[in-house]
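Have a look at the structure below, then the notes.
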Amino acid sequence: MLDRDISRRRFLTGSALVAGGAFGVPLLGACDASSGGDSSGDGKTVTLTVMYKNNELTKEHIADFEAKHPGIKISFIEYDETRLNAMLASNEPPDFVRAPAVGSAASNAQGLTTALDPYLDKSTVLKKDNLMAVNESFRWDGTRTGQGPYYGITKDWSQDATLWYNRALFEQAKIPPLSTTEPISYDELLEIAKKLTKKSGGKTQVYGLGVEWAWGLSSPIFMMILQQGGQVYNADLTETDMTTPEARRAIQWYVDFGQAGVGPTTLDPAPDGADLSLFLAKRMAITQDGYWYGGNFVKESEEIKNSVAMAPAPVMGDKRISPTYVGWGAMIPAKARHKDEAWKLMEYFMAGPPSEERAGSGWGLPGLKSQLSLLPQDLPYQKQAYQTTQAELPHVAQLPDSPYITGGGWLPVLDKHITRAIKKEITVDAAGKAITDEINKLLKQGKDQIG
């Protein structure tokens with residue numbers, strides 16, 4: 001079972017670290033991406049080295065897999081960025097590794113991962129036409145994501161810009177509830193947040209809206225830009241321009257959000273770096289989180305379960321898109337010694353009992369279309385969230401992913417300059433220019449490293 005106390009802050013920040021740290025090493029050289037990897041072939045037991053989170057790939061899962069595959073034993077290593085970095089650099093990587101879909105461009109461009117199409121083409125349980133759209137972010141054609149071979153498979157994910165809100169707080173403020181099917185605009189959302197916010201004695205009693213500020217602003221800003229028909233990168237993903245009208249509008253919205261004081265920011269951080277405790281304490285009316293957030297409420301009071309509801313991702317502009325910010329899954333390193341056995345674990349983990357458990361838990365959407373029906377609908381809020389998700393799925397879109405920089409590179413730059421603009425130390429235009437200059441330096445460094 002999934003650890004119900006898992007920190008989503010670590011979940012999201014970790015994706016930036018994986019792509020920016022462990023897979024940010026120099027090119028190690030790719031292996032032939034065939035289904036003829038180094039396997040036993042002589043009837044002896046193969047020891048498969050696996051690096052994952054033990055609350056996701058559990059001891060029970062490992063025992064079950066080994067019982068079903070008597071020729072394979074798993075040597076489990078708890079996921080650790082520093083250790084993975086060292087293993088990759090020494091050409092002694094694990095055979096099966098936890099990895100994010102969004103952010104995989106860097107590892108794919110450096111030839112660190114194995115193309116999985118030869119395995120997918122032969123598999124009877126993992127089929128390309130059954131993969132949810134989130135898996136497209138694991139594809140790489142040599143220049144960009146979304147095309148070419150698959151270099152990983154997603155275990156679970158969410159459309160992370162969706163909203164969860166407390167209907168009771170809306171009623172108290174005499175504000176109509178958000179639609180569970182039609183998206184609200186970002187401008188309307190901010191105005192509603194102002195009305196929901198309650199302050200007393202210079203302190204905020206109720207925040208109108210949380211945007212999980214501490215987890216980073218790159219993905220939501222990218223989404224805002226795409227919704228307006230803009231672009232984050234140039235054609236070859238080597239430069240950005242955060243001074244365009246689309247980027248300026250997105251930055252301006254976060255500056256307005258911070259200056260309005262309707263939710264936590266770097267200047268007014270959430271107590272534990274996340275919205276959840278405030279939301280559960282009825283001190284936050286709306287929080288921007290994905291479908292996975294509903295897993296938090298199963299064991300809460302009836303009052304909470306009867307008050308929460310899920311709404312679509314807001315829009316900025318005319319183009320409705322609702323992406324995932326991460327999409328955790330797994331990949332097989334290019335230098336893995338036991339690729340065939342690693343693929344057997346991939347099939348088990350992504351389509352076998354662990355995947356069914358994940359889908360049924362409500363802590364994320366499945367990576368396979370055929371498992372959508374397993375999502376929980378026992379409680380009224382779960383049924384409502386399921387219906388909202390079904391209407392939201394057609395609007396899945398990929399976030400841009402440059403191999404030359406990761407989310408971890410963007411986060412401090414955006415936070416620094418947007419915070420300065422909130423404090424009126426610089427203008428929004430100056431913030432956009434400063435962000436552009438710093439990110440382009442990082443992109444150049446990344447390009448020079450990969451070559």
Side-chain angles (χ1 to χ4, degrees), residues 102 105 144-146 159-163 182-194 209 211-213 215-260 262-263 265-266 288 312-325 395-402 404-407 409-444:
V102 180
R144 63 183 58 250
T145 57
Q159 290 166 280
D160 292 301
T162 53
L163 305 170
E182 295 300 318
I184 191 172
S185 74
Y186 268 102
D187 291 340
E188 292 174 306
L189 180 63
L190 184 54
E191 291 306 309
I192 288 176
K194 293 176 182 178
L209 171 65
V211 295
E212 302 291 11
W213 191 288
W215 298 348
L217 304 181
S218 59
S219 292
I221 284 178
F222 291 178
M223 183 188 76
M224 290 173 167
I225 292 171
L226 296 183
Q227 287 179 333
Q228 298 172 74
Q231 299 294 325
V232 175
Y233 297 109
N234 62 356
D236 63 1
L237 306 175
T238 59
E239 292 184 352
T240 190
D241 185 357
M242 290 289 113
T243 67
T244 64
E246 297 85 2
R248 188 190 187 284
R249 184 179 177 188
I251 294 170
Q252 181 71 64
W253 189 90
Y254 278 100
V255 172
D256 292 343
F257 173 90
Q259 292 178 342
V262 299
T265 64
T266 296
Q288 189 167 38
V315 293
M316 180 175 285
D318 300 324
K319 191 174 182 180
R320 182 179 176 184
I321 68 169
S322 184
T324 185
Y325 294 168
H395 305 287
V396 172
Q398 287 180 264
L399 290 181
D401 188 3
S402 171
Y404 311 122
I405 192 171
T406 66
W410 275 92
L411 302 190
V413 177
L414 288 170
D415 182 71
K416 175 175 64 176
H417 295 298
I418 290 176
T419 297
R420 291 176 65 204
I422 291 171
K423 295 164 65 177
K424 299 184 179 180
E425 295 177 353
I426 58 173
T427 65
V428 169
D429 288 336
K433 178 65 165 56
I435 292 167
T436 300
D437 291 344
E438 288 194 32
I439 294 299
N440 280 339
K441 288 181 182 178
L442 294 176
L443 284 163
K444 185 179 184 304

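Here, residue 1 is the first one in the sequence, and each next residue gets the next number. Just the heavy atoms: all of them, side chains too, but no hydrogens, waters or symmetry mates, feed the values below. Quantities reported herein were computed from a predicted structural model and do not represent experimental measurements.
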So how far is it from [X] [atom1] to [Y] [atom2], rounded to the nearest 0.5 Å?
X      : Y      : atom1 : atom2 : value
Tyr404 : Ile439 : OH    : CD1   : 16.0 Å
Leu443 : Trp410 : CG    : CH2   : 7.0 Å
Leu189 : Ile184 : CG    : CD1   : 5.5 Å

All side-chain contact (heavy atoms from CB on, under 4.5 Å) counterparts of [X], not counting sequence neighbours:
X      : answer
Glu182 : Ser179
Pro183 : Pro312, Val315, Arg320
Leu226 : Ile321, Leu399, Pro400
Pro220 : Tyr254, Tyr325

*Thr419 side chain reached by Thr265 side chain, heavy atoms, under 4.5 Å*: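 No, every pair of side-chain atoms sits at 4.5 Å or beyond.
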
_Contact check, side chains of Val262 and Phe257, non-hydrogen atoms, under 4.5 Å_ =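 Sidechains of Phe257 and Val262: in contact.
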
Does the side chain of [X] come under 3.5 Å of the side chain of [Y] through a donor N or O and an acceptor N or O?
X      : Y      : result
Asn440 : Thr436 : no
Asp187 : Ser185 : no
Asp415 : Thr266 : yes

*Residue pairs involving residues 421-430 (criterion salt bridge (Lys or Arg N to Asp or Glu O under 4.0 Å); sequence neighbours excluded)*: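 Counting only pairs at least two positions apart or across chains, the salt bridge (Lys or Arg N to Asp or Glu O under 4.0 Å) contacts touching residues 421-430 are Arg248-Asp429, Arg420-Glu425, Lys423-Glu425.
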
*Provide the full list of ring-ring contact (aromatic ring centres under 6.0 Å, His included) pairs with a residue in residues 415-439, sequence neighbours left out, each pair given once.*
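Listed by first then second residue: nothing to list.
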
*Give the C-alpha distance, both sets of side-chain angles, the deciding distance and a yes or no for side chain to side chain contact (heavy atoms under 4.5 Å, CB included) between Ile225 and Met242.*
CA-CA 10 Å; Ile225 292 171; Met242 290 289 113; 3.7 Å; yes

*Okay, side chain of Gln228, backbone of Met224: is any donor-acceptor separation there less than 3.5 Å?*
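Flag set: sc Gln228 to bb Met224 pair under 3.5 Å.
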
